[in-house]
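Note that the structure is a prediction, hence the values are computed from the model and not measured. The chain is numbered in sequence order, starting from 1. Whatever order the structure lists them in is the order used to number ligands and atoms, beginning at 1.
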Amino acid sequence: MIKILVTGGTGYIGSHTVVALQEKGYKVIIADNLSNSNADTIHAIAKITGVKPELEVVDLSCKTACDDLFSRHSDLKAVIHFAAAKAVGESVLQPLFYYENNLCALLNVLQNMARIGCGNIVFSSSCTVYGQPKELPVQETSPRLPATCPYGNTKQIAEDILRDVAKASLLGASPLALSVLALRYFNPIGAHSSALIGELPNGVPNNLMPYITQTAAGLRSCLQVYGNDYNTSDGTPIRDYIHVSDLAEAHLCAMEYLLSGKVKGIDYINLGTGKGYTVLEVIQSFEKMSGIKLNYKIVARREGDIEKIWGNVDKARQILNWQAKREIDEMTLSAWKWQQYISTGLLGK
Ligand code: UFG
């Protein structure tokens with residue numbers, strides 16, 4: 001069985017990716033420090049796939065712990081590296097934590113991949129690297145703009161580290177040929193169709209979809225819509241929302257593409273639907289699919305928000321033979337079903 005390490009595999013996108021990998025017969029090892037996720041997720045994954053993934057509770061930013069993990073799994077064929085902290089606002093307040101946590105983990109993983117001779121890595125990047133693009137849809141070749149927060153900067157620096165390490169290996173400077181696919185996600189929302197796994201935000205959600213579902217469930221009194229004076233059809237910002245299960249399937253395709261040996265060095269791929277929706281359009285879809293009238297009000301713009309972004313996703317189709325299948329209504333309905341499941345208190349039981 002081909003053995004894959006999924007770091008951050010109990011997290012939101014990680015857990016859906018583990019499902020996709022196991023359904024395709026891969027042996028998955030999850031490495032996660034559980035700082036923003038729950039160990040019970042492996043039981044939910046077992047319910048969905050019939051296989052309980054192996055969970056290694058480890059902080060990858062700790063070198064000795066990371067070394068020890070790779071020593072015990074020296075037969076890995078690929079790494080899918082999700083493990084990172086990802087809250088924009090928190091990163092502004094705790095930059096050192098973000099740089100250490102996100103970048104030391106990557107360095108430790110790469111050093112160990114070289115040590116055990118594993119040369120394939122799928123990296124979890126973000127459309128945040130583009131900032132507010134001048135031209136839409138944004139392409140992989142579009143310029144990266146300076147990051148507006150330490151979190152975004154860790155994604156840019158991580159892409160640069162991967163580029164340099166891949167280049168050194170192409171120059172023959174390293175015995176290991178490193179092949180990298182940096183996947184630039186747009187806005188993942190929704191949950192698995194079983195409603196057994198989904199996004200579990202820590203405390204008050206920063207992101208739109210969990211805030212909507214928690215408001216509808218009565219856990220929050222009112223959704224604040226940050227600004228309706230943008231240059232868009234209804235004045236609210238536009239994002240390219242992508243169903244997390246589509247995103248998970250893209251990771252499987254990316255990993256198989258790496259394993260086929262077709263990536264020389266590093267490549268970057270946008271993962272979105274190629275379509276943008278305003279905040280009010282997401283709310284309308286949610287209300288239609290859930291039958292619930294959402295309590296929301298328009299407030300001032302949120303600092304640092306960009307006006308609009310959606311991706312050109314041709315490259316994913318051409319290279320990975322993948323494209324997003326699920327539409328916005330399926331995204332909002334699945335997010336709502338997941339919220340209802342959490343509300344039953346059955347999570348982890
Ligand atoms: N929004 C609201 N109210 C909320 C939350 C969000 O109106 O309570 C709006 C935002 O203003 C934005 C849209 O909903 O227009 C989406 O906001 P999210 O926070 O869900 O997502 P972002 O696009 O702001 O952030 C995402 C990722 C980040 C990444 C960023 C890059 O979550 O990790 O894209 O732009 F850094």
Quick test of your reading of the structure: of Y211, Y230, Y226, whose heavy atom lies closest to atom 4 (C) of ligand 1?
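Comparing heavy atoms across Y211, Y230, Y226, the nearest one to atom 4 (C) of ligand 1 lies in Y226.
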Report yes or no: do [X] and [Y] form a side-chain donor-acceptor pair below 3.5 Å?
X    : Y    : answer
Y98  : E90  : yes
Y99  : N153 : yes
Q284 : Y277 : no
S71  : R115 : yes
S245 : H16  : no
N207 : Y12  : no

Under 4.0 Å from any heavy atom of [X], which atoms of ligand 1 are there?
X    : answer
T128 : 31 (C), 36 (F)
Y241 : 13 (C), 16 (C)
V225 : 7 (O)
L208 : 1 (N), 2 (C), 5 (C), 6 (C), 14 (O), 18 (P), 20 (O)
V88  : 36 (F)
P237 : 15 (O)
N187 : 21 (O), 22 (P), 23 (O), 26 (C)
Y151 : 29 (C), 33 (O), 36 (F)

Side chain, backbone, both or neither: which part of Q224 comes within less than 4.0 Å of ligand 1 when only heavy atoms are counted?
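Backbone only; the side chain of Q224 stays clear of ligand 1.
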So which bit of V279 gets within less than 4.0 Å of ligand 1, heavy atoms only: side chain, backbone, both or neither?
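Looking at V279 and ligand 1, just side chain atoms fall under 4.0 Å.
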Side-chain donor or acceptor of N120 paired with backbone N/O of K77 under 3.5 Å
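Yes, N120 side chain to K77 backbone: donor-acceptor pair under 3.5 Å.
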For a side chain to side chain donor-acceptor pair (under 3.5 Å) with T278, tell me which candidate from T232, N228, D234 qualifies.
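In the set T232, N228, D234, the residue that makes a side chain to side chain donor-acceptor pair (under 3.5 Å) with T278 is D234.
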Please confirm whether R239 comes within less than 3.5 Å of ligand 1 when only nitrogen or oxygen atoms on both sides are compared.
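The answer is yes, given that R239 and ligand 1 share an N or O pair closer than 3.5 Å.
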Report yes if some N/O of R302 lies less than 3.5 Å from some N/O of ligand 1; otherwise report no.
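N/O-N/O distance below 3.5 Å exists for this pair.
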So which heavy atom in the protein is nearest atom 11 (O) of ligand 1, and how far is it from that ligand atom?
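Ranking protein heavy atoms by distance from atom 11 (O) of ligand 1, first comes D305 OD2, 2.5 Å.
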